[in-house]
Undergrad: 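One structure coming up, written as structure tokens, with questions to follow.
It should be emphasised that the depicted structure is a prediction, and the values quoted were computed from it without experimental measurement. Below, each value reflects all heavy atoms present in this structure, side chains not excepted, and no hydrogens, waters or symmetry copies.
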Amino acid sequence: MRVLLIHSDYLKYQTKSKTRIAEQIEDDKKEGFFEDSLVVFTAVEQEDEENPQEIVENVITEVKDVLGKIGADNVVIYPYAHLSSSLSKPDVAKTVLQEMESRLQEEDIKVARVPFGWYKSFEVSCKGHPLSELSRTITAKPREEEKADKAEESKWYILDQGNLIDPDEFKFENEDLRKLVNYELGKGESSGEEPPHVKLMREKGLADYEPSADVGHLRWYPKGRLIRDLLADYVYLLVTKEGAMPVETPIMYDLADDAIRVHAEKFGERQYRMGHKNKELMLRYACCFGAFRVLSDSFLTWKNLPARVYELSTYSFRMEKKGEVVGLKRLRGFTMPDLHTVCRDLEQSLVEFDNQIDMCMQTGVDFQVNYEVIFRATQDFYDQYKEWMHASAAKIGKPVLLEILPERKHYWISKMDFAAIDYLGRPIENPTVQIDVESGERFGITYLEENEEEGYPIILHCSPTGSIERVICSLLEKTAIEMKEKPPMLPVWLTPTQVRILPIAERHMDYALDLARQIKDQNIRVDVDDRPETVGKKIRNAATEWVPYVVVIGDNEMEKRESQELTVNIRETKEKQVMDLETLVKTVQEETRDMPFRALPLPLQVSQRINF
RNA sequence: GCCUCGAUAGCUUAGUAGGUAGAGCGCGGGAUUCGUAAUCCCGAGGCCGCGGGUUCAAUUCCCGCUCGGGGCUCCA
């Protein structure tokens, strides 16, 4: 809250016309005249909404303090929006101003309040002594009692083949799970290094920080953009194969909508807000709002269910704390595949949940990334659906961490989170499935039951990969972990250059380009390093770009032009293999089978490229 | 957001006890036409992050800001 305190000889005002947010007033309030007043010009700000009571208390303390010093006869509270560029919602402001008035009355101070939301003319005469003009910023002190409600803590177990084991007693055979458990239970040891993916994302020309944007928003270079697009294609194919219907919805929502505001409030301070005239908008933090609005406006019957609606949120926005934002791991703007499944009842949602577990696990296989799993549920849900939970956990095929919450804190009653473990031993939370029991009713999503009664559905939230940025983060972190044992590389279907042709001298160039065109026609991303450099240097260069297949073309290959016999450097095995063109093409196609393809969006000739 | 550390060429960095700066990579030019992880020579490139203060003089010392790293807390 911002206040401007003026000790005045007199203040005179007259209402002129109403704004949309004007409060209802009696005629006698339409004008006013006060003498020897402390005029409190007041702007209630967005951040005050969190704890309006304390704001009122603090401003009253301040006003009383000033009043005591200057000895004015009375106080006039004057709503003055122009003191701040980030105003609260009008309703909150009105309440706060009214509270201020009644709190001062309680203290037997003569007080008047000028009407809110009117255009007014006014005249104020400032006394001009040293204390007659003061401005103050009023904030709510951080609430102390937050920690108190930790009384009810979660219980943690390792769930292994239907047995619940105390994490402290469990003998970990899996190092990643041990790291995850330590981290979740707050026992993580930290080494104070930068996660290696940050350097890699820049070095490989994928992405970089954008200092001209807000913190936590990235710029993506062509290679990074290519990988993002391939991942987007991948999830699209994955979910549509399972019957999901893609939609696209707005990225910002009006907080005047009650359902949206209540759902958003659960998100607390992490909302990314935008004020716009009298509208207060919030940037989406996931696709929930859009999906729910689509679903609540559709006519659903039990025959339609389960109904799956999918959207890739380019972008989602979360106002993460500044110190938390890092590389690809934690961003304020990110892209997340978001699948919402409307289920007839809990039983149906459990069947779908199981399908979605399979989907999440499949993404780990396709990305060649290991996930560890945290299964969470409320105590009630666990008691009732213990058998289902044990069976679903068993699908993972290894022990999982189990959290049992004493009671429901969020909209979900059970969720499963999949995490990759980064180079520093910390989890990167990726895929997730959640059972939402609140949003159906809150967003007015109904369906017609077989008996013609209307019901509220259970809704599953699922991101089968987690955010696209975090997928790339896990891939890069994995290469850093494995760097000692094998040459780092991305899965071939995701790597920008899949085959590089490397002519030795200029006389080999035409043949190299000819081969490249043939390979390109087979939907393989190929390029030609046509720079006038030594073979050694070009080999080294291809290695630093993690190119999985490198073909050197010299006199020997020219001689075998008929058979198109080539010597291929295979990165993964560090082998040199002689094979013909057809075999090379088949090898790459085999390795990228069933995965999406996009052409290389860069010049075929390396010499023509830009160094981003 | 808080605590803490940092910012020198496109990148990685050396350096100045206060007198405005060097190197490697990359880039441009030239020579070399080469068989598996850096060919040689030459050249350009710096408001030493931004703003203020101290000083005859600040990239260097002090303060503020911005951006970044690490920690705290939370998450996709």
Undergrad: Using the C1' atom on both, measure B:G45 against B:G53 and round to a whole Å.
TA: 32 Å
Undergrad: Calculate the interatomic distance between A:K321 atom NZ and B:C3 atom C1'; express it in whole Å.
TA: 13 Å
Undergrad: Mind checking the P distance from B:G64 to B:C25? Whole angstroms is fine.
TA: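 Result for the P pair: 40 Å, nearest Å.
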Undergrad: Any idea which of B:C75, B:A76, B:C34 is nearest the A:Q434 side chain?
TA: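 Closest of the options to the side chain of A:Q434: B:A76.
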Undergrad: Would you please name every residue forming a ring-ring contact (aromatic ring centres under 6.0 Å, His included) with A:Y272, sequence neighbours left out?
TA: A:H217, A:F317
Undergrad: Side chains of A:D417 and A:T432: donor-acceptor distance under 3.5 Å anywhere?
TA: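 Indeed, the side chains of A:D417 and A:T432 share at least one donor-acceptor pair under 3.5 Å.
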Undergrad: Categorize A:L502 for me: base, sugar-phosphate, or nothing, with a 4.0 angstrom heavy-atom threshold over every strand shown.
TA: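 If one applies the 4.0 Å heavy-atom cut-off, A:L502 turns out to touch nothing in the nucleic acid.
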Undergrad: Who pairs with A:E477 by salt bridge (Lys or Arg N to Asp or Glu O under 4.0 Å), at least two apart in sequence or on another chain?
TA: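 A:E477: no salt bridge (Lys or Arg N to Asp or Glu O under 4.0 Å) contacts found.
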Undergrad: Looking at B:C75, B:G35, B:U36, which one has an atom nearest to any side-chain atom of A:K576?
TA: B:U36
Undergrad: Does a salt bridge link A:R500 with A:E545, judged by any charged N lying under 4.0 Å from a carboxylate O?
TA: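 So A:R500 pairs with A:E545 through a salt bridge.
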Undergrad: For nucleotides B:G26 and B:G1, find the distance between their P atoms and express it as a whole number of Å.
TA: 40 Å
Undergrad: Taking atom C1' in both B:U55 and B:C61, what distance in whole Å separates the two?
TA: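 Per the computed distance, 10 Å lies between those C1' atoms.
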Undergrad: Tell me, which pairs form a salt bridge (charged side-chain N to carboxylate O under 4.0 Å, His left out) where one or both residues lie in residues 225-237 of chain A, sequence neighbours left out?
TA: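 For residues 225-237 of chain A: A:R225-A:D229, A:R228-A:E469, A:D229-A:R598, A:D233-A:R598.
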Undergrad: Applying ring-ring contact (aromatic ring centres under 6.0 Å, His included), can you list everything that pairs with A:Y253, at least two apart in sequence or on another chain?
TA: A:F289
Undergrad: Taking only nitrogen or oxygen atoms into account, show me every contact under 3.5 Å that the protein makes with nucleotides 25-32 of chain B, one pair per line with its distance.
TA:
unit_1: B:G26; atom_1: OP1; unit_2: A:K537; atom_2: NZ; d: 2.9

Undergrad: Considering only residues two or more places apart or on different chains, which pairs with a residue in residues 461-488 of chain A satisfy ring pair (Phe, Tyr, Trp, His ring centres under 6.0 Å)?
TA: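 Output for this query lists A:F292-A:H461, A:H340-A:H461, A:Y411-A:H461.
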Undergrad: May I have the distance from A:Y221 (atom OH) to B:C11 (atom P), rounded to whole angstrom?
TA: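 The distance from OH of A:Y221 to P of B:C11 comes to 10 Å, rounded to the nearest Å.
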Undergrad: Taking only the P atom of each, what is the distance from B:G71 to B:A9 in whole angstrom?
TA: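 About 26 Å, rounded to a whole number of Å.
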Undergrad: Let me know, please, whether A:R571 or A:L328 comes out on the 5' side of the other along RNA chain B by nearest nucleotide.
TA: A:R571
Undergrad: Could you list, one pair per line, each protein nitrogen or oxygen that sits under 3.5 Å from a nitrogen or oxygen of nucleotides 63-69 of chain B, together with the distance?
TA:
unit_1: B:C67; atom_1: OP2; unit_2: A:K322; atom_2: NZ; d: 3.2
unit_1: B:G69; atom_1: OP1; unit_2: A:Y209; atom_2: OH; d: 2.3

Undergrad: Please report the distance separating the P of B:U32 from the corresponding atom of B:A14, rounded so that it comes out in whole Å.
TA: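 Pairwise P distance, B:U32 against B:A14, rounds to 39 Å.
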Undergrad: Can you list the residues that meet the side-chain hydrogen bond (donor to acceptor under 3.5 Å, both in side chains) rule with A:N556, with sequence neighbours excluded?
TA: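 side-chain hydrogen bond (donor to acceptor under 3.5 Å, both in side chains) list for A:N556, sorted by chain: empty.
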Undergrad: Excluding sequence neighbours, so at least two apart, what forms side-chain contact (heavy atoms from CB on, under 4.5 Å) with A:K199?
TA: A:E203
Undergrad: For B:C3 versus B:G22, give the span between their C1' atoms, rounded off to a whole number of Å.
TA: 36 Å
Undergrad: Calculate the interatomic distance between A:E545 atom CD and B:A38 atom P; express it in whole Å.
TA: 16 Å
Undergrad: Any side-chain N or O of A:T534 under 4.0 Å from OP1/OP2 of B:U39?
TA: yes
Undergrad: Go through the structure and list residues passing ring-ring contact (aromatic ring centres under 6.0 Å, His included) with A:Y549, not counting sequence neighbours.
TA: none
Undergrad: Determine the interplanar angle of the A:F375 and A:F353 rings, folded into 0 to 90°, and report it as parallel if under 30°, tilted if 30 to 60°, perpendicular if over 60°.
TA: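 Ring orientation, 0 to 90° scale: tilted.
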Undergrad: Between B:U4 and B:C11, how far apart are the P atoms? Round to whole Å, please.
TA: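 Roughly 28 Å separates the two P atoms.
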Undergrad: Base, sugar-phosphate, or nothing for A:E557, non-hydrogen atoms under 4.0 angstrom?
TA: base
Undergrad: Send over the distance from A:R540 CZ to B:A38 P, rounded to a whole Å.
TA: 7 Å
Undergrad: Is it true that A:D580 and A:K560 make a salt bridge, defined as a side-chain N closer than 4.0 Å to a carboxylate O?
TA: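 Not counted as a salt bridge, because no side-chain N and carboxylate O are separated by less than 4.0 Å.
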Undergrad: Can you sort out the partners of A:Y209 under ring-ring contact (aromatic ring centres under 6.0 Å, His included), two or more places apart, ordered by chain and number?
TA: none
Undergrad: Sort by first number and list every stem of RNA chain B: at least 3 consecutive Watson-Crick or G-U wobble pairs, both distances under 3.5 Å.
TA: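 B:1-7 with B:66-72, B:10-13 with B:22-25, B:27-31 with B:39-43, B:49-53 with B:61-65 - these are the stems of 3 or more pairs that involve RNA chain B.
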Undergrad: Want to settle it: does A:F334 or A:N556 sit nearer the 5' end of RNA chain B, counting the closest nucleotide to each?
TA: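 Looking at RNA chain B, the more 5' nearest nucleotide goes with A:N556.
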Undergrad: Let's test your reading of the model: under 3.5 Å, does the base of B:C34 pair with the side chain of A:R507 as donor and acceptor?
TA: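 Answer no: no donor N or O sits under 3.5 Å from an acceptor.
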Undergrad: Classify the side chain of A:E320 versus the base of B:G1 as yes if they form a donor-acceptor pair under 3.5 Å and no if they do not.
TA: no
Undergrad: Rounded to the Å, how far apart are A:L200 CG and B:U12 P?
TA: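 In whole Å, B:U12 P and A:L200 CG are 13 Å from each other.
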Undergrad: Under 4.0 Å between a side-chain N or O of A:K415 and OP1 or OP2 of B:A76?
TA: yes
